[in-house]
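Ligands are counted one by one from 1 in listed order, and the atoms in each one are counted from 1 as well. Residues take their numbers from the sequence shown, with the count starting at 1.
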Amino acid sequence: MRKEVILVTGAAGEMGQALIEKLVQDGRDNVLALDVSPIPRETQARCRLALPGDILDGALLSRLVSEFAIPVIYHLAALLSTRAEFTPEAAHHVNVDGTLALLKMAAEQSSWLGRSVVFVFPSSVAVYGLDSLDAKRAAGRVREEQHNFPTTMYGCNKLYCEQLGRYYARHYRQLAATPDAHPVDFRSLRFPGLISAFTLPTGGTSDYAPEMLHHAARGKPYACFVREDARIPFMAMPDAIKALTSLEAAPRASLTSHVYNVTSFSPSAGEILTEVRRAFGDVPVSFEPDLKRQAIVDTWPEDQDDTRARRDWGWSPDYDQRRAFDEYLVPNISRRYAAAG
Ligand code: AKB
């Protein structure tokens, strides 16, 4: 009999590590973790199996299909926005061909299992594209169907993969004699920038917020690569994990869409610095915008409208800006670096 597991790709990443910790806390000790990068030891210890491997490795995915029953997939592996701009085609290959391979595997698993595999996919605020600062200010809180004009390879990948997921959920094998009895149950979240107290991001364009915080906690000078007035939405990592697991658990019948905005707070970079200074004193932070990365941030909305998620599956963040800094970020980051000495 094939053992039943929850597959988490991108397990070595910020979200992957935090998600696996939460799944095990919830008593779900059957995680199969996959990442092309080394998976931290403590995350490995939480998993049924932690595999170094590439989602583009077809032989590996076939082996997983033969050895495991996989009713739930968290497909987190991706090259983030700044990183992807340096190698757009390679990013497309990982972000799109990788997702396609996982969706195909999920479709196969669904027919093997005789029930729809729940496929949870993190999309991003990067799917949006506002073509001027005036348009950004005028747009304010954007809804899912608005301004879907991404300006980065990563944003294009995420938007296309949302469509791919909707295709596998509704139209895959539409010309077959018998319709698919168990289509993939594709569920996607458009995340804002994420801030973790325990890990630092790599290769994103929203990274200035966590970088500023972690540098300040270590008393290190930080040159912020966006302007002081730059504003995009953010969320504390525990809320991102809550959104992933809540959407996975939501009854299928309550979902009216395959794509949901989620968010929590939208401080400007200057307001983030105010929070950082409130916690760590007059830390040496300067604003030295990288005009190219700034231009990307300027196309992202100031805020996302998450009404649909609140209505369909009762979404709400636990950490508003106040709680995020006072109760989660500052205490844990201070402890982390105090322990590191
Ligand atoms: C990035 O900056 O690329 C990511 C994102 C906003 O999706 N953190």
Which other residues belong to the hydrophobic cluster containing Val36, where Ile, Leu, Val, Met, Phe, Trp and Tyr are joined when side-chain heavy atoms lie under 4.5 Å apart, directly or via other members?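 Noted: Val36 shares its cluster with no other residue.
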Residue pairs, two or more places apart or on separate chains, that pass ring-ring contact (aromatic ring centres under 6.0 Å, His included) and touch residues 176-200: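 Every pair satisfying ring-ring contact (aromatic ring centres under 6.0 Å, His included) with a residue in residues 176-200: Phe119-Phe186, Phe121-Phe186.
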Tell me, which pairs form a ring-ring contact (aromatic ring centres under 6.0 Å, His included) where one or both residues lie in residues 213-256, sequence neighbours left out?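 For residues 213-256: Tyr208-Phe225, Tyr208-Phe234, His214-Tyr337, His215-Tyr222.
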Keeping the roles fixed (side chain from Glu271, backbone from Ser268), state whether a donor-acceptor pair exists under 3.5 Å.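 Between the backbone of Ser268 and the side chain of Glu271 there is a qualifying donor-acceptor contact (under 3.5 Å).
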I'd like a table of the close N/O pairs between ligand 1 and the protein (anything under 3.5 Å), one pair per line with both atom names and the distance.
residue, atom, partner, partner atom, Å
ligand 1, 2 (O), Ser81, OG, 3.4
ligand 1, 2 (O), Thr205, N, 2.7
ligand 1, 2 (O), Ser206, N, 3.0
ligand 1, 2 (O), Ser206, OG, 3.3
ligand 1, 3 (O), Ser81, N, 3.0
ligand 1, 3 (O), Ser81, OG, 2.6
ligand 1, 7 (O), Ser124, OG, 2.7
ligand 1, 7 (O), Tyr154, OH, 2.7
ligand 1, 8 (N), Ser206, OG, 2.9

Using the ring of each side chain (for Trp, its six-membered ring), is Tyr168 parallel, tilted or perpendicular to Tyr172, with breaks at 30° and 60°?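 Ring orientation of Tyr168 relative to Tyr172: parallel.
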Looking only at side-chain N and O atoms, does Glu85 offer a donor or acceptor that is under 3.5 Å from a partner on Tyr154?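 There is no such pair (donor and acceptor under 3.5 Å, judged by atom type) between the side chains of Tyr154 and Glu85.
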